[in-house]
Visitor: 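Quick one: structure below, then a few questions.
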Amino acid sequence: MVQFKVLKFSVLPNEAHANYANNAIETFEDAGEVVVVALGQLLNEFKDWCALENIGIHWVRKDALTVLIVAADKDMDRALVGLLKYVRSLRYSSQPGFSAAAERVIIMLDGYGRVYEKAYEAQEGAVNAILWQFANTYAEDANLLSLGAWIADLTSTFEKFKLLLAQRDVHSLEKPTMPFKQVRKGLEGSYHKIVKIINAAALLGLQPEFAVLINRLNPEIDRLNAEFHRAKHDIAHAE
């Protein structure tokens with residue numbers, strides 16, 4: 001009779017660990033009422049552990065995003081300060097109209113204050129407004145002063161910064177109270193209990209749903225074991 005293959009949970013990286021657990025939940029629930037009833041409270045316990053692991057994964061992602069946001073913020077600050085310094089240098093130009101155009105742009109930029117010292121959300125709003133000004137009210141001045149490359153640089157760094165902020169908001173969760181290593185251990189223990197129940201039911205051969213369920217998950221177990229058989233899990237990095 002078909003049985004679950006042994007999943008080498010301990011060598012799976014956090015993302016693969018969580019993905020398999022979430023996929024297993026869907027597979028258990030999709031298997032039908034016979035399987036859900038047979039698992040009973042064990043399935044709820046497993047879902048609770050999965051929820052805790054998902055929170056931990058999101059926290060790790062958010063932590064990593066913080067580093068990326070800091071770097072993107074520095075790039076955007078560099079682009080903005082470089083643009084401002086360049087425009088300030090043009091106020092002394094002898095070319096017709098340059099000085100006046102530079103003064104107008106400087107007044108506009110100074111109106112937003114020291115943007116690079118503001119909080120992230122305030123920076124996002126200010127730079128977005130500055131780029132709008134260049135595309136509309138100050139389009140002629142920007143064209144006269146040949147600010148296209150500077151504005152393109154600011155736009156590029158701003159878009160990256162804005163995207164990372166949006167991703168941070170999506171993953172914004174409270175820091176998990178339980179160590180990630182403990183969560184993984186609890187999830188694995190819960191999973192092995194479920195595997196024993198399903199294997200026992202499949203061995204009796206009274207309900208075909210159990211064999212179908214096992215056959216659906218075994219290929220994924222084979223893939224993970226093959227892909228990560230030499231991998232070391234990254235619990236330490238998560239914590």
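Numbering starts at 1 and runs along the sequence shown.
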Visitor: Hey, is CD on Glu29 packed in by over 12 heavy atoms from elsewhere, all under 6.0 Å?
Guide: yes
Visitor: Let me confirm one number: the NE2-CG distance from His192 to Asn199, rounded to the nearest 0.5 Å.
Guide: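 The NE2 atom of His192 sits 11.5 Å away from the CG atom of Asn199.
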Visitor: Output all residues satisfying side chain to side chain donor-acceptor pair (under 3.5 Å) with Gln133, sequence neighbours left out; order by chain, then residue number.
Guide: Tyr112, Thr137
Visitor: What pairs of residues pass the ring-ring contact (aromatic ring centres under 6.0 Å, His included) test when at least one of them lies in residues 16-57, not counting sequence neighbours?
Guide: Phe9-His17, Phe9-Tyr20, Tyr20-Tyr191
Visitor: Under 4.0 Å between a side-chain nitrogen and a carboxylate oxygen: does that hold for Lys185 and Glu188?
Guide: no
Visitor: With rounding to the nearest 0.5 angstrom, report the CD to CD distance, Glu33 to Glu209.
Guide: 10.0 Å
Visitor: What is the distance from atom CD of Glu159 to atom CG of Leu154, rounded to the nearest 0.5 Å?
Guide: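 The CG atom of Leu154 is 10.0 Å from CD of Glu159, to the nearest 0.5 Å.
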Visitor: Thr155 vs Phe134, test: side chain to side chain contact (heavy atoms under 4.5 Å, CB included). Steps then yes/no.
Guide: CA-CA 11 Å; Thr155 301; Phe134 277 128; over 6 Å; no
Visitor: Is Glu220 salt-bridged to Lys5, going by a charged N under 4.0 Å from an acidic O?
Guide: no
Visitor: Side chains of Lys47 and Leu43, heavy atoms from C-beta outward: is any pair under 4.5 Å?
Guide: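 They are in contact (side-chain heavy atoms under 4.5 Å apart), so the answer is yes.
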Visitor: Check whether any side-chain heavy atom of Asp110 sits under 4.5 Å from a side-chain heavy atom of Arg88, and report yes or no.
Guide: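 Contact flag for Asp110/Arg88 side chains = yes.
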Visitor: Apply salt bridge (Lys or Arg N to Asp or Glu O under 4.0 Å) to Glu117 and list each qualifying residue two or more places apart in sequence or on a separate chain.
Guide: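 If we apply the salt bridge (Lys or Arg N to Asp or Glu O under 4.0 Å) test to Glu117, skipping adjacent residues, the hits are Arg114.
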Visitor: Given the rule that I, L, V, M, F, W and Y join up when any side-chain heavy atoms are under 4.5 Å apart, are Val212 and Ile194 in one cluster?
Guide: no
Visitor: Between the side chain of Asn128 and the main-chain N/O of Glu124, is any donor-acceptor distance below 3.5 Å?
Guide: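 Flag not set: sc Asn128 to bb Glu124 has no pair under 3.5 Å.
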Visitor: Mark yes or no for whether Asn215, through its side chain, and Ala211, through its backbone, hold a donor-acceptor pair below 3.5 Å.
Guide: yes
Visitor: Show, in sequence, the C-alpha distance, side-chain angles and deciding distance for Leu217 and Leu7, and conclude whether the side chain to side chain contact (heavy atoms under 4.5 Å, CB included) test is met.
Guide: CA-CA 10 Å; Leu217 284 175; Leu7 174 62; over 6 Å; no
Visitor: At their closest point, which heavy atom of Gln207 faces which heavy atom of Val34, and how far apart are they?
Guide: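 So the minimum-distance heavy-atom pair works out to CG-CG1, 3.8 Å.
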Visitor: Would you mind writing out the side-chain donor-acceptor pairs for residues 95-104 within the sub-3.5 Å range, not counting sequence neighbours?
Guide:
unit_1, atom_1, unit_2, atom_2, d
Ser99, OG, Arg91, O, 2.8
Glu103, OE1, Arg91, NH2, 3.3
Glu103, OE2, Arg91, NE, 3.1
Glu103, OE2, Arg91, NH2, 3.3
Arg104, NE, Asp141, OD1, 3.4
Arg104, NE, Asp141, OD2, 3.0
Arg104, NH2, Asp141, OD1, 2.8

Visitor: Are Val2 and Leu203 co-members of a hydrophobic cluster defined by side-chain heavy atoms under 4.5 Å apart?
Guide: yes
Visitor: Hey, quick one: are Leu163 and Leu68 part of the same hydrophobic cluster, counting side-chain heavy atoms closer than 4.5 Å, chains of contacts allowed?
Guide: no
Visitor: Is the number of heavy atoms from other residues, nucleotides or ligands under 6.0 Å of Lys118 NZ greater than 12?
Guide: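 Enclosed.
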Visitor: Looking at Asn23 and Asn19, would you say the former's side chain and the latter's main chain have a donor-acceptor pair under 3.5 Å?
Guide: no
Visitor: Let me see the working for Val6 and Ile221 under side chain to side chain contact (heavy atoms under 4.5 Å, CB included), right down to the final yes or no.
Guide: CA-CA 8 Å; Val6 177; Ile221 293 173; over 6 Å; no
Visitor: Without placing hydrogens or testing angles, list every side-chain donor-acceptor pair under 3.5 Å for residues 69-85, not counting sequence neighbours.
Guide:
unit_1, atom_1, unit_2, atom_2, d
Asp73, OD1, Gln123, NE2, 3.2
Arg78, NH1, Asp153, OD2, 2.9

Visitor: Test: ring-ring contact (aromatic ring centres under 6.0 Å, His included). Region: residues 141-161. Which pairs qualify, not counting sequence neighbours?
Guide: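 Every pair satisfying ring-ring contact (aromatic ring centres under 6.0 Å, His included) with a residue in residues 141-161: Tyr86-Trp150, Tyr120-Phe161.
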Visitor: What's the verdict on side chain to side chain contact (heavy atoms under 4.5 Å, CB included) for Ile198 and Gln3, showing C-alpha distance, side-chain angles and the deciding distance?
Guide: CA-CA 8 Å; Ile198 295 175; Gln3 297 278 276; over 6 Å; no
Visitor: Which heavy atom of Glu53 sits nearest to which heavy atom of Ala21, and what is that distance?
Guide: OE1-CB, 4.1 Å
Visitor: Would you indicate whether the side-chain heavy atoms of Cys50 and Leu187 approach each other to under 4.5 Å?
Guide: yes
Visitor: Same cluster for Tyr116 and Ile106 if Ile/Leu/Val/Met/Phe/Trp/Tyr side chains link at under 4.5 Å?
Guide: no
